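A short write-up of the structure that comes next.
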Amino acid sequence: MLKEERQQYIINQINIHNKVLSTDLSAQLNVSEDTVRRDLNELAELGKIVKVYGGALSKSFHYPFSGKDVYKKDGKKEIARKAVTLIEDGMVLLIGGGTTMIELARIFPDNLHCTIFTISPLVALELVEHPNMSVNLLAGQLGGNSHIVTGSQVISQLSEIKADLCFLGTNGLSLNDGITDSDWEVVQVKKAMIKSAGKTAILSIAEKLDSVQKMQICNLNAIDYLITDTEADDESLKRYAKKVAIL
């Protein structure tokens, strides 16, 4: 594979999954980690990615407040439009972080009365001016790369919450391995969020279907809704529809 092809593959993986690990890219591309590191450094110098310890992030994921260069922004807006139809007046909601969750927060109807608990300061800032929302930002260690709070303090607070519905993003989603991620701390918080909610909706662009990260959050049978940017009857979703409701 030529360097240009290799670097385009890296950019595609970062766009889809927000974060990639050098070790994973090395295995996927069948090249050394030194080669991957050189590629990442070059792409970072060109301003196409954000280099972090052990891998890289997409620019839109690292700087979500800028609103620039968000991958599949229109698709994420469509996911948000579908997700908001699940919300009923008076609900207690748990909301994760990421660019899709920010799009969801931006379209909450003004007449909706809800209590929100979120691990994302950016989601909280989008909702705080809402006239009929009670917005609660869970306290914990704020990750400079993920822009969400994690840690035992967050998990302890979540154990005291009984939410009606939880909205979560994901880095990996497959029939066999369920919902997966590459960050141990994030995995533990997402597990606690699912446990604290009566129902859970996973919000994901369709490109993440059939992808697997290193650590499992839950099986698909723990999820109530899968919301993507494609039509619910799309061929790619038919296998998933046997295990989870598709929006």
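Numbering of residues begins at 1 and proceeds along the displayed sequence. All values reported here derive from a predicted model rather than from experimental measurement.
- A distance-only check finds no donor-acceptor pair linking the side chain of D181 to the backbone of V187 [under 3.5 Å].
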Give the intermediate values and the outcome of side-chain hydrogen bond (donor to acceptor under 3.5 Å, both in side chains) for residues N176 and S174. CA-CA 6 Å; N176 292 332; S174 76; over 6 Å; no
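- Side-chain contact of S32 with D34: a donor-acceptor pair under 3.5 Å is absent, judged by distance alone.
- A donor-acceptor pair shorter than 3.5 Å cannot be found between the side chains of S120 and T118.
- By the neighbour-count criterion of 12 heavy atoms within 6.0 Å, atom CD of E231 is sparsely surrounded, having that number or fewer from other residues, nucleotides or ligands.
- Atom CG of N30 has 12 or fewer neighbouring heavy atoms from other residues, nucleotides or ligands inside a 6.0 Å radius.
- Judged by distance alone, the side chains of K214 and S182 never bring a donor and an acceptor atom under 3.5 Å apart.
- Around the CD atom of E33, the shell of radius 6.0 Å holds more than 12 heavy atoms that belong to other residues, nucleotides or ligands.
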Give the intermediate values and the outcome of side-chain hydrogen bond (donor to acceptor under 3.5 Å, both in side chains) for residues Q8 and N12. CA-CA 6 Å; Q8 187 57 54; N12 290 341; 3.1 Å; yes
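- Listed here is the closest heavy atom pair of V123 and G96: CG2-O, 3.7 Å.
- Judged by distance alone, the side chain of S196 and the main-chain N or O of L158 form a donor-acceptor pair under 3.5 Å.
- Side-chain contact annotation: Y9 with D39, donor-acceptor N/O pair under 3.5 Å absent.
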